[in-house]
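For reference, the structure is listed below as structure tokens.
Everything numeric in this text was worked out from a predicted model, so none of it was measured. Below, chain A is the first sequence line, B the second, and so on; all start at residue 1.
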Amino acid sequence: MSETILEIKHLSKNFGNHEVLKDIDFTVNKGDVTTVIGASGSGKSTLLRCINLLEIPTSGSIIFHGQDVTGRGIKPSVYRSKVGMVFQSFNLFSNMTVLKNCMIGQIKVLKRSPADAHRNAMKYLDKVGMSEYIKALPRQLSGGQKQRVAIARALAMEPEVLLFDEPTSALDPEMVGEVLDVMDKLAHEGTTMIVVTHEMAFARDVSNHVVYMNSGVICEHGTPGEIFGHPQKKETQDFLSRFRKG
Amino acid sequence: MNVFSKLGSDMVALWAKYGSVYLGGIGRTLGLAIIATFIGCLIGFLCGILTTIPCAKTDNAVKKFFLGLLRVIIRIYVEVFRGTPMILQAVFIFYGLPYFTSNAFKFTNLWAVAITVVSVNTGAYMAESVRGGIISVDPGQNEGAMAIGMTHWQTMINVILPQAFRNIIPQIGNNYIINVKDTSVMFIIGFSDFFAVHKGVAGATYLYFPSATIEMVGYLTLTLVASFLLRLLEKKIEGKSNYELVQKDALTPTAGNYTLKDKPKNPNKDEEGLK
Ligand SMILES: Nc1ncnc2c1ncn2[C@@H]1O[C@H](COP(=O)(O)OP(=O)(O)OP(=O)(O)O)[C@@H](O)[C@H]1O
Ligand SMILES: [Mg+2]
């Protein structure tokens with residue numbers, strides 16, 4: 001059994017009196033690739049945003065290496081630097097070049113020297129196939145290229161877990177592949193990831209743990225074989241059948 | 001003689017005699033406008049930054065109280081100085097201050113009064129512009145920065161303010177142009193700007209329109225040059241419209257070349273696979 005990185009316990013989130021997440025429990029071990037699937041509005045993004053403390057959970061705890069990060073013991077910014085996040089809308093800094101985007105966090109947050117930050121940024125830009133574009137500004141790139149830079153920016157912080165919120169949903173179909181290729185490569189290298197996605201083939205073939213969410217609760221979870229092969233719950237079967245029909 | 005050639009020759013004659021006086025006036029107007037716009041922008045940025053400090057429900061009561069107080073004070077400042085004429089503000093500061101404090105507070109330097117009044121005015125307008133500029137930066141930029149662990153201030157300085165600054169350059173230009181023209185109200189305290197020179201010269205020579213024409217040309221020059229320089233600055237901040245690819249070692253494999261084994265390139269279209 002490998003080391004546990006994250007434990008989500010009884011996590012709930014309300015927006016006003018709207019209960020968006022109810023009593024969520026799950027564990028992420030080192031090297032796990034967890035995919036979160038579910039209908040629109042089921043709370044997948046909110047779950048990821050809570051895990052990264054972009055939203056403050058209403059109750060429950062998020063245990064990172066044994067420490068509850070919803071408490072006062074750890075600064076949210078320190079915790080976030082160890083948990084990377086890749087957004088649907090990229091969120092690259094539009095006033096910086098590709099290279100600067102990948103260096104700024106290392107320099108300001110991790111206090112690395114510019115030379116180290118540069119070397120490290122190049123390493124990850126190379127990994128996502130974007131090292132030729134270091135001088136470009138985000139607006140000069142295609143969606144797929146932007147997302148690959150965003151992945152490199154997150155990787156350059158060398159986080160312990162990488163969260164992806166529908167990283168390919170804003171992309172034209174022909175660019176989806178290049179981003180999934182990068183994610184697949186990261187999964188094979190043992191990167192711990194939590195991926196919210198509508199790409200069922202990715203969930204089935206790349207992840208080792210699938211979480212199916214339905215109106216704010218984890219309806220069913222298990223290995224891809226269990227969820228895609230023998231879904232137990234009626235909701236899961238209905239949800240997956242919609243994808244089969246295409 | 002044609003009126004226009006008469007106008008021209010009168011202007012030449014006026015310039016020959018009073019050229020240096022006009023230039024002195026231009027210098028004072030330009031100096032006041034630039035200094036006050038600059039200080040006004042600093043005040044505006046300070047107010048804009050202070051009013052956008054996030055205040056979460058979970059913050060402690062002391063912090064909430066001070067942030068609230070700060071916002072109220074800035075609000076009052078903005079409303080009072082935007083809502084009253086600059087000429088009256090100058091009167092209150094120059095004549096009112098010594099009157100109400102029985103000469104305990106008194107400005108003796110006209111420049112100090114003029115700079116204070118115009119800066120504080122510009123600051124009141126800029127505070128709102130800067131706040132708007134900060135708010136209008138895509139919230140995703142803030143989330144992107146938070147997600148890599150940057151603090152509010154790191155995000156502000158490195159990500160938000162550079163973009164907000166780019167957004168409000170036109171407002172800075174506007175404020176400068178307004179200041180170039182509106183500093184003329186400082187005659188009320190005896191500050192002799194470019195327009196005051198005109199009143200002096202026209203009074204002495206009765207060449208009213210030739211002098212007014214010189215003024216028009218002078219004011220336009222001050223504003224056009226500034227517009228041009230701000231455009232240049234905007235372009236520079238915008239960055240190059242193209243970029244060079246950086247060639248690297250052709251042997252390094254990249255993710256771009258990497259394809260999933262025994263899987264279709266676009267898994268989304270894979271309908272069979274789920275059965
Ligand atoms: N900031 C917010 N304030 C109020 N309600 C919110 C907020 N963010 C999300 N919600 C609500 O929470 C619910 C879950 O939203 P969420 O974005 O997590 O869904 P999702 O599963 O990610 O959907 P999608 O697949 O469309 O991205 C929705 O009903 C949404 O309206
Ligand atoms: Mg979502």
Crowded around [X] [atom1]? As in, over 12 foreign heavy atoms under 6.0 Å?
{"X": "A:Phe15", "atom1": "CZ", "result": "yes"}
{"X": "B:Arg231", "atom1": "CZ", "result": "no"}
{"X": "B:Tyr77", "atom1": "OH", "result": "yes"}
{"X": "B:Lys64", "atom1": "NZ", "result": "yes"}

Residue part contacting chain B, namely of [X], when any heavy atom lies under 4.5 Å:
{"X": "A:Phe93", "value": "both"}
{"X": "A:Leu92", "value": "backbone"}
{"X": "A:Val83", "value": "backbone"}

**OP:** Identify which of A:Ala156, A:Pro76, A:Ser81 forms the greatest number of heavy-atom pairs closer than 4.5 Å to chain B.
**Re:**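 Looking at each of A:Ala156, A:Pro76, A:Ser81 in turn, A:Ser81 comes out on top.
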Subject >> Best-contacting candidate, A:Arg139, A:Arg153, A:Lys100, against chain B by heavy atom pairs under 4.5 angstrom >> reply: A:Arg139
Considering only heavy atoms from C-beta outward, does the side chain of [X] approach that of [Y] to under 4.5 Å?
{"X": "B:Tyr243", "Y": "A:Leu137", "result": "no"}
{"X": "B:Met146", "Y": "A:Leu54", "result": "yes"}
{"X": "A:Arg49", "Y": "B:Glu143", "result": "yes"}
{"X": "B:Gln141", "Y": "A:Ser94", "result": "yes"}

Original post:
Between B:Glu244 and A:Glu132, does a side-chain contact (heavy atoms from CB on, under 4.5 Å) hold up when you go through it step by step?
Top reply: CA-CA 8 Å; B:Glu244 333 158 18; A:Glu132 289 177 62; over 6 Å; no
**OP:** Working to the nearest 0.5 Å, report the span between CZ of B:Phe165 and CG of A:Asn95.
**Re:** 12.5 Å
**OP:** Could you grab the distance from atom NZ of A:Lys135 to atom CG of B:Asn242, nearest 0.5 Å is fine?
**Re:** 11.5 Å
Original post:
What heavy-atom pair brings B:Thr151 and A:Ser77 nearest, and what distance separates the two atoms?
Top reply: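 Closest pair (atom of B:Thr151, atom of A:Ser77, distance): CG2-OG, 3.9 Å.
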Original post:
Can you name the nearest heavy-atom pair linking B:Gly144 to A:Phe87, along with the distance?
Top reply: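 Reported closest heavy-atom pair: CA-CE1, 3.9 Å.
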Subject >> chain A contact via B:Asn142 - side chain, backbone, both or neither, heavy atoms under 4.5 Å >> reply: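 Interface part for B:Asn142: neither.
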**OP:** Let me know if B:Gln154 has heavy atoms under 4.5 Å from chain A in its side chain, its backbone, both or neither.
**Re:**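 Side chain only.
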**OP:** Applying side chain to side chain contact (heavy atoms under 4.5 Å, CB included) between B:Ile148 and each of A:Met157, A:Lys108, A:Met85, A:Gln106, report the one that passes.
**Re:**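 It is A:Met157; the other options fail the test.
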